[in-house]
2 protein chains.
Amino acid sequence: MTTIAPTAGLSIAEAAERTGLTTHTLRYYERDGLMLHGVGRSSSGHRVYTDVDLAWITMLTRLRATGMPIREVRSYAVLCREGDGNESERLALLQAHRARVLAQLAEVTEHLGAIDNKIGIYQSRLETAGV
Amino acid sequence: MTTIAPTAGLSIAEAAERTGLTTHTLRYYERDGLMLHGVGRSSSGHRVYTDVDLAWITMLTRLRATGMPIREVRSYAVLCREGDGNESERLALLQAHRARVLAQLAEVTEHLGAIDNKIGIYQSRLETAGV
DNA sequence: GCTTGACGTGGAGTGCGCTCGAAGGTCTTG
DNA sequence: CAAGACCTTCGAGCGCACTCCACGTCAAGC
């Protein structure tokens, strides 16, 4: 069994690089209550990101990238922060989100089909004109 | 061959109902240069939407719903407004958009897969605990 | 000791896409 | 001929999610 070597603890700049977010956004997320717990600090007061933090940020990013609003991500973070006992609430939240994302995917796909038709029309028009 | 009976011309409220947009948004789109041409007016100055207008608004809606920014929709409108001769530019614009939408769909689908895994974890945890 | 540079905080600013309000004109119905 | 619905324009306001600024602190290197 192999384990990924745990990193010692990352600065905010390193965390930004690994997560693809900016340092501004990382601070903003923390300020806005999106992190599980406040990020740890070094003796000089600088943020130190652990692997757990990074894994959580990855989850955050997935939720955000699929269109979950900040305030709902925060609700999810609150539930996770409270610890065991509310798994069914977390499940419900994620399932509701999943349903919305699926609906959204279907809608976008449908619209894309119509756009594809338009593209086809332009292509055939150009081919005809180009002869 | 059947043709859809052309409507006589719709008020902004009727157009809003048919397109799913609000009257505010319809006026805003027109003001912002997103329409092919300014919408026609009745003798009393009220907007009159034709079938051509509605078809265009449907296209607008598809572009918007797939994430095209307003300013790019406007660029497309400008190209269409200029008439024949720039079909290749319109095609390029739509194809670039199509590529972005496909990338976006792939990304969302991937994130959704990870969220599904999380959902699965909560489900099995709840089943185990529930016995 | 002094500079450099990454980081800290609080708060203001930005861009997008609507959304709404105010003030007034017009059409229909009783 | 008055009420009420619906329309007009112009401009301001809003919610979201960042994004940036100003200024202060700390650690390391010369």
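Residue numbering restarts at 1 for every chain, and letters A, B, ... go by the order of the sequence lines.
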Using a 4.5 Å cut-off on heavy atoms from C-beta on, say whether the side chain of A/Glu82 contacts that of A/Leu79.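 In short, these two side chains touch, coming nearer than 4.5 Å.
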Hey, are the side chains of B/Ile57 and B/Met35 touching, using non-hydrogen atoms and a 4.5 Å cut-off?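 Side chain of B/Ile57 against side chain of B/Met35, heavy atoms only: contact under 4.5 Å found.
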Can you tell me how far [atom2] of [N] sits from [atom1] of [X], to the nearest Å?
{"X": "A/Arg41", "N": "C/dA6", "atom1": "CZ", "atom2": "P", "answer": "19 Å"}
{"X": "A/His46", "N": "D/dA28", "atom1": "NE2", "atom2": "P", "answer": "11 Å"}
{"X": "A/Ile57", "N": "D/dC18", "atom1": "CD1", "atom2": "C1'", "answer": "16 Å"}
{"X": "A/Ile12", "N": "C/dT9", "atom1": "CD1", "atom2": "C1'", "answer": "12 Å"}

Could you tell me whether the phosphate oxygens of D/dC7, OP1 or OP2, come under 4.0 Å of any side-chain nitrogen or oxygen in B/Arg47?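 Answer is no, no contact under 4.0 Å.
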Is the phosphate of C/dG8 approached by A/Ser44 (side-chain N or O, under 4.0 Å from OP1 or OP2)?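 Indeed not, no polar side-chain atom of A/Ser44 lies that close.
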Output the residues of residues 65-80 of chain B in contact with DNA chain D, where contact means a heavy atom of the residue under 4.0 Å from an atom of the strand; sort by number or write none.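 Heavy-atom contacts with DNA chain D come from no residue of residues 65-80 of chain B; none.
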Is the gap between the ring centers of A/Trp56 and A/Tyr49 under 6.0 Å?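 No, too far apart.
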Ignoring hydrogens and geometry beyond distance, is a side-chain donor-acceptor pair present between B/His46 and B/Ser11 at under 3.5 Å?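 B/Ser11 and B/His46 do not have a side-chain donor-acceptor pair below 3.5 Å.
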Given the rule that a pair is Watson-Crick or G-U wobble with both distances under 3.5 Å, how would you write DNA chain C in dot-bracket, using | for pairs to a different strand? ||||||||||||||||||||||||||||||
Any residue of residues 21-36 of chain A with a heavy atom less than 4.0 Å from an atom of DNA chain C: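 Residues of residues 21-36 of chain A that come under 4.0 Å of DNA chain C are, in numerical order, A/Arg27, A/Arg31.
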B/Asp32 backbone acceptor or donor facing B/Arg74 side chain under 3.5 Å: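 Indeed, once roles are kept as given, a pair shorter than 3.5 Å links the two residues.
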Specify the closest pair of heavy atoms between A/Arg81 and A/Leu36, including all atoms of both residues, with the distance to one decimal.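 Where A/Arg81 meets A/Leu36 most closely, the heavy atoms are NE-O, 2.7 Å.
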